[in-house]
Asks: 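One structure, pasted below without further comment.
Throughout, a chain's letter reflects where its sequence line sits, starting with A, and its residues are numbered from 1.
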2 protein chains.
Amino acid sequence: MATIYQVSELAGVSLATVSRVMNNNARVSEATRNKVLAAMEQLGYRPNSIAQSLASNRSNSVGILVSELHGPFYGEMLSGIENECRAAGKHVIIAAGHSEEASEKDGIEFLISRSCDALILHVEAVSDDYLIKLASGNMPIVLINRFIPRLANNCISLDNELGGYLATKQLLQQGHKQLAYMAGPMWKSDAKERYNGHLRAMTEHGLSFNPALLAEGDFQDSSGSACMQQLLAKGLPFTALVCANDEMAAGAMEVARTHGLNVPYDLSIVGFDNLILARYIYPKLTTIDYPIGEMGRMAARWVLKNIYQQQALQLKNVFEPVLVCRDSASAIAAG
Amino acid sequence: MATIYQVSELAGVSLATVSRVMNNNARVSEATRNKVLAAMEQLGYRPNSIAQSLASNRSNSVGILVSELHGPFYGEMLSGIENECRAAGKHVIIAAGHSEEASEKDGIEFLISRSCDALILHVEAVSDDYLIKLASGNMPIVLINRFIPRLANNCISLDNELGGYLATKQLLQQGHKQLAYMAGPMWKSDAKERYNGHLRAMTEHGLSFNPALLAEGDFQDSSGSACMQQLLAKGLPFTALVCANDEMAAGAMEVARTHGLNVPYDLSIVGFDNLILARYIYPKLTTIDYPIGEMGRMAARWVLKNIYQQQALQLKNVFEPVLVCRDSASAIAAG
DNA sequence: TAGTATTATGTAAGCGCTTTCATTTATAGC
DNA sequence: GCTATAAATGAAAGCGCTTACATAATACTA
């Protein structure tokens, strides 16, 4: 690989000048610039970004920590971030935190040691305090899918409460009166908020929520099945089910089917997230769209604006989910 | 951030000694080592990996290029690679190539400029010649999901032909005699190979393939629908359909349903890839498992063995797909 | 116990860039 | 034509490490 030194020699200028034309951050005469560019071209020169980072203490790369690299959710998010960054000439360095505290911290330290210019974090296991402390250091961070009041400006989050509300309201407007709710793990704030939205919609429609029709799962497909079994076993009537996410909805739907229930005629189901699978399961799932790709882009824009001085960008911290109507929820059957 | 210099000062030793205990690559007396470790601990020292990379020309990180960051396929692959690398203390730097030649080349150059120790590439648009040339340089590469004879040792691939064969054979053994085939884009080697496997199975069972029952799609779900329409429109009878991937199978299944065909009773369908969605669509898809996560791990192991001297590892270059029986294919109805 | 082989540590020269500061060259003003 | 100012370039000191190579300390041999 050619170095800047060889370029400078071939072009007959100093190192500093070559650096200037590369970075375009100081005046260089047109003639010299052309000589340098020609030399670069001729040598197939590519700056060594490691050396650039070391010397400039900037790396033009943003670190991303996600829980997992697989799964529809993170994929969309990463993709959103990467697209936005690449368009701005920034690169991404990705680490996985596996939802474990030690692993998340380790990932963060790795990204820091890699001289990232900023971090976009999707962390679950690490405490608010840790993040607040981290944010007070000199590595800029933006949190995705997590809201910490003291770090409000650094958070890109979804209005989960509204999502829960919308899902429920749709069913109520379709005439359902007996609704069951399948929650995510209540210690997770998003699960709790979605549930709160559900309650608000119920109250608003003058319905009281029957605690016997609440089941708490863990956001996994299998727990959707298990919860559905439980709900069915109680023998209480319900014509609609709102699930705190799509995967549980898929699990629930399968159990419903094996119990001879026809979705949506016997039972309407609405999910949350609008994962790819929502379009594949049968009947297609009515759900709440979680614009995670868009949120990823926004996190990237936050970095571009705040770290890379792209002032013009408009930011938005809280996203509003929207209802996606498909086939799994319908007006209640007459009679 | 503390630097090695501060550590050396606090420990009362030279830079070199600190470096030695960090890298554990030269003898240091037990006493000194402890002093150094204590100093590191006290300062919360973390080596700056950028500086390490620059000085050592090794980065302890492997570069990965995938077509996209989203989608079930790449997620599994990335996850497999990351797990294996992390366990060995290596890190991953990920770039997306978006299946475009310029973008793939750009991604590769970025990874090189980041001083990766090796590259794991999932590239589609770039030519064999480019890769052969790249491989002859001094950046080690391993290709995933692509087989180039001259680079056979650097390729981790799947026996697609066998997969096509197995999918078809399953149907034949279930008594089907009239099979349609929905292919991927034939210019892609995997699409072609899968199709060849199909033909082999047909021949082996003494059946001749009817070209009218072949449709060529583009591996997308929508083209699965379109192809299914075409096949149905011809009015030729067929009781089974083998699809070159799951997404097309999903599209096809949907069209079959709207045409009043009951899968699997009226029509058996088998897919290829065993994506997550295969478990979610209804009926659950019988398909060929593509162990992409495992192949990702293997690519990582290739790097660990060949670049990081972990001699003990066993490598495997070609993976054999296996049939996963679910509900979308069944024995042909009597009569 | 001198002489040699080992082991432990230090010195200093880079790695390929960026960036400050000094210097040279061009442009303008009178 | 001569100074005052601005524009273009160069020289050189790092960035935080690794790694020859040199040196000092210790252990072994006869």
Asks: Rounded off to whole Å, could you give me the OH-to-C1' distance for the B:Tyr5 and D:dC17 pair?
Replies: 14 Å
Asks: Under 3.5 Å, side chain of A:Arg301 to main-chain N/O of A:Glu84, donor-acceptor pair present?
Replies: no
Asks: Using side chain to side chain donor-acceptor pair (under 3.5 Å), reason through A:Arg86 and B:Ser103 one step at a time and then give a plain yes or no.
Replies: CA-CA 10 Å; A:Arg86 168 165 290 221; B:Ser103 190; 3.2 Å; yes
Asks: Would you give the length of the straight line joining atom CD of A:Glu294 to atom CD1 of A:Ile156, rounded to the nearest 0.5 angstrom?
Replies: 10.5 Å
Asks: With the criterion being N/O to N/O and under 3.5 Å, what pairs connect the protein with nucleotides 23-29 of chain D, and how long is each?
Replies:
none

Asks: Got a sec? Which of residues 17-36 of chain B come in under 4.0 Å of DNA chain C, heavy atoms?
Replies: B:Thr17, B:Arg20, B:Arg27, B:Val28, B:Ser29, B:Thr32
Asks: Hey, does B:Asn48 reach any base, or is it just sugar-phosphate, or nothing, if we go heavy atoms under 4.0 Å?
Replies: sugar-phosphate
Asks: Any luck finding a side-chain donor-acceptor pair between B:Arg146 and B:Asn154 under 3.5 Å?
Replies: no
Asks: Check whether any side-chain N or O of B:Ser56 sits under 4.0 Å from OP1 or OP2 of D:dT18, and answer yes or no.
Replies: no
Asks: Counting only heavy atoms not in A:Arg46, do more than 12 sit closer than 6.0 Å to its CZ atom?
Replies: yes
Asks: Taking side chain to side chain donor-acceptor pair (under 3.5 Å) as the cut-off, I'd like each qualifying pair that reaches into residues 305-320 of chain B, sequence neighbours left out, listed once.
Replies: B:Asp117-B:Tyr308
Asks: With distance as the sole test, does A:Ser56 use its side chain to make a donor-acceptor pair with the main-chain N or O of A:Gln52 at under 3.5 Å?
Replies: yes
Asks: Just to confirm, is there a sub-4.0 Å distance from OP1 or OP2 of D:dC17 to any side-chain nitrogen or oxygen of B:Arg46?
Replies: no
